[in-house]
Amino acid sequence: MNEQEHYNESDIQVLEGLEAVRKRPGMYIGTTDVKGLHHLVWEIVDNSIDEALAGYCDNIEIVINKDNSITVKDNGRGIPVGKHPKTGLSTVETVYTVLHAGGKFGGGGYKVSGGLHGVGASVVNALSKWTTVTVYKDGQIHEAKFKNGGKIEQPLTVIGDCEKERTGTTVTFKPDPEIFDTDIYDYETLKVRTRELAFLNKGLKLTLRDDRDEEDTQGDTFHYEGGISEYVRFINQGKTPIHEDIIHLEGEKDGVFFEVAMQYNTSYNSNIYSFVNNINTHDGGTHEEGVKRALTRVINNYARKAGILKEKDESLTGDDVKEGITMIISCKHPNPQFEGQTKGRLGNSEVRKLADSVFADGFENFLLENPEDARLIINKAMLASRARNAAKRAREITRKSEINQTTFFGKLSDCKSKDPKVSEIFIVEGDSAGGSAKKGRDSMTQAILPLRGKILNVEKARLDRALGNEEIRTIITAFGTGIGEDFNLDKLRYDKIIIMTDADVDGSHIRVLLLTLFYRFFKPIVEAGHVYAAQPPLYRIMHGKTRKYVLNDEEKDKYLASLKEGTKTEVARMKGLGEMDAEELNETTMDIEKRVLRKITVEDCMAADAIFEKLMGDEVEPRREFIVENAGYATNIDI
Ligand code: 1YM
C-alpha cells in the first residue's frame with residue numbers, strides 16, 4: 001500500500017512535469033513551427049551521438065515513416081533497463097518521462113543534448129502523440145510505450161530475445177498535431193543536419209531514409225573518416241583552392257577536445273563555422289577568438305621572418321588573413337558555457353588558450369614545411385590588405401573633397417548647374433574625345449570627365465589598384481556620394497552617369513572596369529537607374545547633302561533601302577569617338593533630344609564583374625582573347 005502511494009505520488013509529479021512542457025513548448029524547443037518539429041529529431045539523435053562520443057556507437061539511422069513519425073536507431077549499449085532507485089520506474093521510463101533526467105544519469109563524457117534549450121527525450125515524449133522505445137541488451141528485446149504526451153501505456157517489458165551481441169536503442173515517436181503547426185517532415189532539412197553531424201563526428205555513420213517515398217529505399221548515408229577536413233573540402237567544392245592540402249589540427253586539455261580544419265580559396269569571402277558539442281556557435285566565442293588571434297599572429301611572424309613583409313609594411317589584420325578562408329572549428333567540452341541572447345557564443349575562457357596554442361603550433365609548422373603554400377597564402381593576405389587600404393584612401397579623399405572640392409576634381413569639367421535633377425556626367429574615353437565632348441556639351445547641365453585608356457589598363461588590376469588610380473578617385477569625388485561606410489545616395493550630384501566609350505577592345509576594357517567599379521562600390525546608384533551607356537553611331541551616311549547617323553548595320557541597311565537612287569550616297573564607318581568633332585558628337589551622342597542611351601542594369605555590372613575576375617590572370621594573350629570573345633555584352637551596349 002505504502003509503495004503504491006509512493007508510486008502514485010511520483011507518477012503525478014512526472015505527469016505535471018510533462019504537462020508543463022505541453023503548456024509551454026516554446027520554452028523547451030523554441031518554437032512549435034516546422035523548426036520545432038525538426039528539433040524533436042535532433043533531441044533523440046543527440047542521445048545516440050552522446051553514445052557515439054562515449055565510444056559505444058558507430059551507426060545511427062534516421063527514418064521518416066509513412067505516417068510522418070520518426071524512427072531513430074543506434075547500435076550503442078542501449079538505455080539501461082534496470083529499475084531506477086529514485087523514481088521506482090525503469091530507467092527507460094525515467095529518461096522518457098522525467099524532465100531533465102537524461103543528463104543526471106550519464107557518467108562523464110560530452111553531453112550534446114541539452115545544448116540550446118536544455119531538453120531531452122522526455123520533452124520529445126511530452127510533445128508526441130505516441131512514443132515507442134525499444135532496447136536491445138543482454139540478449140533481450142525490451143519495449144516501453146507512451147501515448148498522449150508521455151503517459152505510460154506499456155511499462156518497459158521484455159518482448160523477445162535477440163543475439164547476445166546485439167545492443168542498441170530504437171525510438172519511434174509521432175509528434176502531436178495538437179502541438180505543432182505542421183506535422184510534415186522535410187527530407188532536405190533533415191539531410192543537411194545529418195550530413196553536418198557526420199562531418200562533425202568522424203567515423204560515425206549516419207543514414208537518413210524517407211519511407212514516405214516509395215522509390216527511396218536506400219536513403220542517404222554519410223560517413224566521413226576525415227571529419228571536418230572533409231567538411232572543408234565539401235564547402236570548397238566549386239571554389240578554387242590556393243593550396244592542395246587541407247590543414248587539420250587538433251589537441252586536448254583537461255577533457256576539452258579542440259580541432260580545426262581550413263583551406264584558402266581564391267574568393268574574397270570567408271566561411272568560418274564553429275561548433276561546440278556539435279552545436280553551431282553562430283556568434284563565435286573563445287574557440288573562434290583563439291584561432292583568429294593565432295592565425296593573424298602566425299602569418300605576420302612568418303611573413304616578416306621570410307622577408308615577404310618588409311619592415312616598412314604595416315602588419316596584416318585579422319580581416320586580411322581571413323580573405324578566402326574556409327574554416328571549421330569544432331570543440332567538444334564537458335561543461336560548455338553558452339552566452340549571449342541566443343546562446344550562440346562559447347564563453348569558457350580556457351578554450352581561447354587551447355585553441356590558440358593548438359592552432360599556432362600546427363599552422364606555423366605547416367607554413368615552414370610548405371613554403372610555396374605559405375607564399376601563396378601570404379600574398380593573398382597582402383592583396384587583401386592593399387585593397388582595404390585603397391578603399392580607406394578613397395574614402396578619405398571623398399571626405400576631404402567636401403572641404404576643398406576643386407583640388408580633388410582632377411580633369412573634371414563640371415557643369416554649371418548644381419541641381420542634381422538636371423545634371424549629368426559623361427565619362428569619356430580618351431583625351432581627344434574628351435576635348436570634343438567638352439566643346440560639344442551643354443555646359444549648363446553636362447559635366448565631362450575624360451579618362452585616359454592606358455591608365456585604366458585592367459592588367460592585374462585588382463580593385464585596390466583601380467582605387468589607387470587618380471581618375472577613379474576623381475569619379476568618386478565627382479559623384480559626391482562617398483564610398484563604403486560613408487556612401488549616401490542622396491548626395492549623388494548627377495541624375496545620369498553616362499559612360500561614353502568606343503566599341504573596340506580598349507573601350508571594352510574601360511567599360512568592364514567602370515561597371516565593375518560601380519557594381520562593387522556604387523551598386524545603389526546602378527539599382528536606382530542612374531547609370532547609362534551612350535551609344536555613338538557606327539555609320540555616317542551622306543546622301544547628297546543630307547547627313548544621317550545610324551547605330552548599327554540593321555539601321556544602315558534599312559536607311560539605305562529607303563533612299564532614292566541616283567543621288568550620290570557615301571557610307572563611312574565611324575572609327576571612334578575621337579574622330580568626331582564637337583558638333584558631330586553633340587548631335588549624335590550627347591544632345592538630349594537626339595541621342596539614344598541604354599540604361600545599365602545590375603546584371604550588366606555583374607557580368608562585367610565576372611569577366612573582371614577572369615581578367616586577373618597573369619597571362620596577357622588569353623586575357624586579350626577573352627575580352628574579344630566575351631565582352632559581347634559590352635559591345636551590345638553600342639547597338
Ligand atoms: C535512439 C536514441 O537514446 N541511445 C542511448 C541512450 C543512452 C545510453 C545509450 C546509455 C548511456 C549510459 C549508459 C550512460 C542513455 N542512457 C541514459 C541513462 N538512442 C539513445 N544509448 N548506458 C547507456 O550515459 O552512462 C540516458 S540516455 F541515463 F539512462 F543512462
Side-chain angles (χ1 to χ4, degrees), residues 14 17 38-65 69-115 118-128 130-146 150 152 155-156 162 165-175 185 190 193-194 197-198 201 204-209 255 277-278 332 334-335:
V14 162
H38 288 75
H39 197 103
L40 300 183
V41 180
W42 309 123
E43 288 301 336
I44 301 301
V45 170
D46 279 351
N47 286 334
S48 299
I49 299 228
D50 280 344
E51 187 67 356
L53 289 172
Y56 298 104
C57 157
D58 62 7
N59 196 2
I60 301 172
E61 279 173 49
I62 304 164
V63 180
I64 310 174
N65 300 306
S69 66
I70 295 283
T71 297
V72 182
K73 179 176 170 187
D74 71 43
N75 66 347
R77 288 168 294 178
I79 302 174
V81 291
K83 205 170 182 163
H84 190 265
K86 286 216 180 92
T87 61
L89 303 168
S90 74
T91 307
V92 170
E93 288 151 55
T94 307
V95 168
Y96 272 79
T97 57
V98 180
L99 224 46
H100 297 305
K104 294 196 186 106
F105 293 85
Y110 310 106
K111 286 277 169 257
V112 292
S113 43
V119 299
S122 58
V123 170
V124 174
N125 197 16
L127 300 177
S128 291
W130 53 263
T131 306
T132 303
V133 182
T134 314
V135 172
Y136 300 82
K137 215 176 167 73
D138 307 323
Q140 289 184 308
I141 308 170
H142 311 254
E143 186 187 73
K145 288 185 165 186
F146 309 87
I152 296 172
L156 193 70
C162 63
E165 305 72 46
R166 173 155 187 201
T167 62
T169 308
T170 302
V171 175
T172 302
F173 64 92
K174 167 77 185 161
Y185 275 102
L190 294 179
R193 175 63 176 162
T194 303
L197 285 169
N201 299 281
L204 178 60
K205 185 165 142 191
L206 288 124
T207 302
L208 175 66
R209 208 178 67 219
N277 296 352
N278 297 325
K332 303 265 165 68
N335 183 29

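Order of appearance sets the numbers: ligands from 1, and atoms from 1 within every ligand.
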Completion exercise
Heavy-atom proximity to atom 7 (C) of ligand 1, picking from I79, T94, D46, points to I79
Exercise for the section: Mark up the atoms of ligand 1 that fall under 4.0 Å of a heavy atom belonging to I44, in ascending order. Expected result: 1 (C), 2 (C)
Practice task
Could you tell me whether the side chain of S122 reaches within less than 4.5 Å of the side chain of T97, counting heavy atoms only?
Solution key: no
Practice task
Report yes if S48 has an N/O atom closer than 3.5 Å to an N/O atom of ligand 1; otherwise report no.
Solution key: yes
Handout entry: Numbered atoms and elements of ligand 1 in range of V95, under 4.0 angstrom, heavy atoms
Key = 26 (C), 28 (F), 29 (F)
Practice task
Nearest heavy atom to atom 22 (N) of ligand 1 wins, so pick from E51, E43, E61, R77.
Solution key: R77
Handout entry: Closest to atom 23 (C) of ligand 1 (judged by heavy-atom distance), picking from C57, G78, A52
Key = G78
Handout entry: Contacting atoms of ligand 1, where contact means under 4.0 angstrom from a heavy atom of T91
Key = 29 (F)
Problem - Pairing residues for H142 by the ring-ring contact (aromatic ring centres under 6.0 Å, His included) criterion, not counting sequence neighbours - result: none
Problem - Contact check, side chains of V63 and I70, non-hydrogen atoms, under 4.5 Å - result: no
Problem - Distance-only polar pair, side chains of T134 and T170, donor-acceptor under 3.5 Å - result: no
Exercise for the section: Check whether any side-chain heavy atom of Y96 sits under 4.5 Å from a side-chain heavy atom of T91, and report yes or no. Expected result: no
Problem - Any side-chain heavy-atom pair of S48 and V72 under 4.5 Å - result: yes
Completion exercise
In ligand 1, the atoms that come under 4.0 Å of a heavy atom of P80 are 16 (N), 18 (C), 22 (N), 23 (C), 29 (F), 30 (F)
Problem - Under 4.0 Å to a heavy atom of N47 - the qualifying atoms of ligand 1, by number - result: 3 (O), 20 (C)
Problem - Geometric N/O contact D74 with ligand 1, under 3.5 angstrom - result: yes
Problem - Closest approach of L204 to C57 (non-hydrogen atoms, all atoms of both residues) - result: CD1-O, 4.1 Å
